[in-house]
Every structure is written in structure tokens, then in C-alpha cells.
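What follows is a short report on a single structure.
Because only heavy atoms are used, hydrogens play no part in the values below, and waters and symmetry mates are left out as well, while side chains stay in. Predicted model, so just to flag it, every value in this text is computed and none were measured.
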Amino acid sequence: MKKLIALTLAGVMTAAMVTGCGSSSETAAEAPAETEESTGEAEAPAETEEGAEDAQEPSGDSDVAYVQEKGTLVVGITDFEPMDYKDESGEWIGFDADMAKAFGESLGVKVEFVEIDWDNKILELDGKTIDCVWNGMTLTDEVKSAMECSNAYCNNAQIVIVPADKADQYQDTDSLSELSFAVEAGSAGEEQVSALGLNFTPVKAQSDALMEVAAGTSDAAVIDSLMAAAMVGEGTGYADLTYTVGLNSEEYGVGFRKGSDLASALNEFFASSYADGSMLECAETYGVQAAVIEQ
């Protein structure tokens, strides 16, 4: 059933191959004092390192080298099946999680997953508490202006979730005006309901938005179509919910600190993993192969 839903949802999404932002280089934590620019955004000596980490402009050092020296790639995520979620043993799995592990292996580093407040993702990235945001992140104008982005790798859409027994009442945007929505704070879903002038309550995660609808505390939710394919409808934990209106079409990308050369390294990894079939094989494991964009 999940695969059937995924194929249905794929019709909502744009199949075009569109690339994300370009890349350059990013300040690393170990940058020497003599590289400091007059802007004050480069790395300072050890005693002022904390302040220097807030810099958003590159000073000529490599983020790839920074990650390899510390031996870990710290990935910011939320609990978002089928992209990032925990299995029965508590290990993070999913299409994004598995691809992140493979990318880390290609760099010779371990991958550490950190759950973040999605609304604070840019602050977490710039503060160097994480090295990238890899969690079904829509390539919005805000994201692309604040982060160094990878090429787009998956198609997606924002869709309306309602109780299945009320779905026939909500089949177009005009019918949504009286509903109260739950949406993830800082998400593409929040952007869509805001643009439509709908009444909504921000919640921490898309999974929380689903719980609000299931509990009856919100009339509807707006979530990613790929998440809906895995979590909503017959055979899922939310069998009494369904999707109705598709609000847009969009693409996923991975975000790094502005100027980070990790973005170009990931683009190369995406291209090679698509070419050798490992990317599509991973996608098939989680039923998202119809959404993958050719690299």
C-alpha cells in the first residue's frame, strides 16, 4: 500500500532535474590567525575561537578538511520517516540517514546524527553544532540564501492531511479556509499555509502535526508527501488519516555552512552513487525511488 501511495504522490511532484546552489570554501575551526580578514569573520586564535565560529563567510580553509580532522560529520535531522527515523534498536535509518552514512564513509569519517529544532536549523549550522542539514529539506529561497546547498536529489510536495472520513469535504484550497492546521515550525508546510492565509499552530516536527490531527486538536496538517506515503493511510500507524490537496511541488537538498566545499563533495558523491545504482537501491529500500532525481 505504501508503494501505491508513493506512486500516486509522485504524480503531484515535478520530475524536472534542477540543481541547487554552487559551492566554494568555508572557515574551519583550526584556521591560523594570519588568515584573518578585516571583516573579522575569519577564525581567530584559540582564546577567541568561540566567537570566530559564528562567522558565515569563508576564509579560504576547507570544511572537508575540518570534518576529516575531527573525524565526524554531524548531521542535523528530525524524526521524519522515511528519510530519518530510528529502528527497533534505536539506530537512525532512512533514505537520508543511509545516504549520509555512505557519504561519511567516502570522506573517511563517522556520521553523528543530532535531532534539532527545525526552526533553528540555520543557527545550528552557523554555530557549528552541526555540519549539515540532511533531512528532506526543501530548497526554498530562504534556505538557498542562508546555506551552501547540494544539488536537488528528490522531488516532493506539501500535501494536506485530514481524517479519512472527512476527506471528501476538502478537495481544493477553497475548502480549507475554515480548518485549523498543525504544521512544523520553519517548514515548507508552514510557508504554504501562511501564503494561503490559513489558521495554523506551529509544532516541533511533522510527526507532531500528524498526532495533532489524530487527536482531534487540529483539523488538518500539512506535511511532506514522502512522509505521508510512509506514515498515513491503510497499513500505517495513522490508518484513519489520508491526504487530499497537493499545495505545491518542490525539491529536496542538503544544506551546509555558506561557502562550504562539502556541498561540491556531496554533489560528486551523489553523481557517482546514482551512476553505480547504489542511490536508487537505497531509495527502493524505503519506497522513495519514484521521487529520486537523476544526478
Side-chain angles (χ1 to χ4, degrees), residues 13-28 56-70 72-77 83-84 94-113 121-122 124-126 128 130-156 188 226 249-286 288-295:
M13 300 182 286
T14 303
M17 296 179 290
V18 180
T19 56
C21 304
S23 64
S24 54
S25 57
E26 165 64 6
T27 301
Q56 295 184 26
E57 295 297 324
S59 66
D61 289 347
S62 166
D63 232 12
V64 171
Y66 165 66
V67 165
Q68 289 177 329
E69 181 166 332
K70 67 190 178 81
T72 57
L73 177 73
V74 183
V75 180
I77 60 171
M83 309 310 277
D84 294 299
F95 178 56
D96 281 353
D98 287 6
M99 290 298 292
K101 292 172 189 175
F103 178 54
E105 184 176 349
S106 76
L107 296 175
V109 301
K110 295 180 179 179
V111 171
E112 177 185 345
F113 297 99
K121 57 187 176 293
I122 296 170
E124 296 271 11
L125 196 59
D126 291 343
K128 287 194 172 181
I130 60 175
D131 297 313
C132 65
V133 180
W134 197 334
N135 192 75
M137 182 177 67
T138 301
L139 292 172
T140 63
D141 290 342
E142 178 190 13
V143 163
K144 289 187 285 186
S145 66
M147 302 181 190
E148 199 70 29
C149 300
S150 73
N151 294 340
Y153 65 93
C154 261
N155 289 303
N156 184 53
L226 291 179
S249 60
E250 59 193 32
E251 295 166 330
Y252 285 163
V254 180
F256 302 91
R257 283 180 281 279
K258 199 68 176 173
S260 175
D261 57 352
L262 280 166
S264 59
L266 179 57
N267 288 340
E268 292 175 5
F269 172 77
F270 276 164
S272 63
S273 62
Y274 189 91
D276 67 19
S278 57
M279 182 184 235
L280 285 172
E281 183 179 353
C282 181
E284 288 170 358
T285 301
Y286 299 100
V288 299
Q289 64 273 17
V292 172
I293 296 172
E294 183 178 353
Q295 301 295 303

- Task: Please name all residues satisfying side-chain hydrogen bond (donor to acceptor under 3.5 Å, both in side chains) with N135, sequence neighbours left out, ordered by chain then number.
- Result: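 With neighbours one apart ignored, the set is T78.
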
- Task: List for me each residue that meets side-chain hydrogen bond (donor to acceptor under 3.5 Å, both in side chains) alongside Y286, sequence neighbours excluded, and say none if there are none.
- Result: D98

Measuring from [X]:[atom1] to [Y]:[atom2], what's the distance to the nearest 0.5 Å?
{"X": "D126", "Y": "M147", "atom1": "CG", "atom2": "CE", "result": "8.0 Å"}
{"X": "N151", "Y": "E251", "atom1": "CG", "atom2": "CD", "result": "10.0 Å"}
{"X": "C154", "Y": "Q289", "atom1": "SG", "atom2": "CD", "result": "10.0 Å"}
{"X": "Q295", "Y": "S272", "atom1": "CD", "atom2": "OG", "result": "10.0 Å"}

Tell me, please, which residues at least two apart from [X] pass side-chain contact (heavy atoms from CB on, under 4.5 Å).
{"X": "D141", "answer": "K144"}
{"X": "E142", "answer": "I122, T140"}
{"X": "E268", "answer": "none"}
{"X": "Q68", "answer": "V64, L107, V109"}

Exam field: side chain [X] to backbone [Y], donor-acceptor pair closer than 3.5 Å:
{"X": "S273", "Y": "S278", "answer": "no"}
{"X": "D96", "Y": "G136", "answer": "yes"}
{"X": "N267", "Y": "S150", "answer": "no"}

- Item | Full working for side chain to side chain contact (heavy atoms under 4.5 Å, CB included) between M83 and Y252 | CA-CA 11 Å; M83 309 310 277; Y252 285 163; 3.9 Å; yes

Ignoring hydrogens, what is the shortest heavy-atom contact between [X] and [Y]? Give both atom names and the distance.
{"X": "F113", "Y": "A97", "result": "CZ-O, 3.6 Å"}
{"X": "C149", "Y": "A263", "result": "O-CB, 3.9 Å"}
{"X": "A152", "Y": "I293", "result": "CB-CD1, 3.9 Å"}
{"X": "G104", "Y": "V111", "result": "CA-CG2, 3.8 Å"}
{"X": "L226", "Y": "A291", "result": "CD2-CB, 3.9 Å"}
{"X": "R257", "Y": "D131", "result": "NH2-OD1, 2.9 Å"}

Any side-chain heavy atom of [X] within less than 4.5 Å of one from [Y]?
{"X": "E112", "Y": "I130", "answer": "no"}
{"X": "E124", "Y": "V133", "answer": "no"}
{"X": "V67", "Y": "L262", "answer": "yes"}

- Message: Between M279 and F95, is the side chain to side chain contact (heavy atoms under 4.5 Å, CB included) condition met? List the steps.
- Response: CA-CA 9 Å; M279 182 184 235; F95 178 56; 4.2 Å; yes

- Would D84 and W134 count as a side chain to side chain contact (heavy atoms under 4.5 Å, CB included) if you check the C-alpha gap in whole Å, the side-chain angles of each, and the deciding distance to 0.1 Å? CA-CA 9 Å; D84 294 299; W134 197 334; 5.6 Å; no

- Query: Under 30°, 30 to 60°, or over 60°: which ring-plane class applies to F103 and F269, parallel, tilted or perpendicular?
  - Reply: tilted

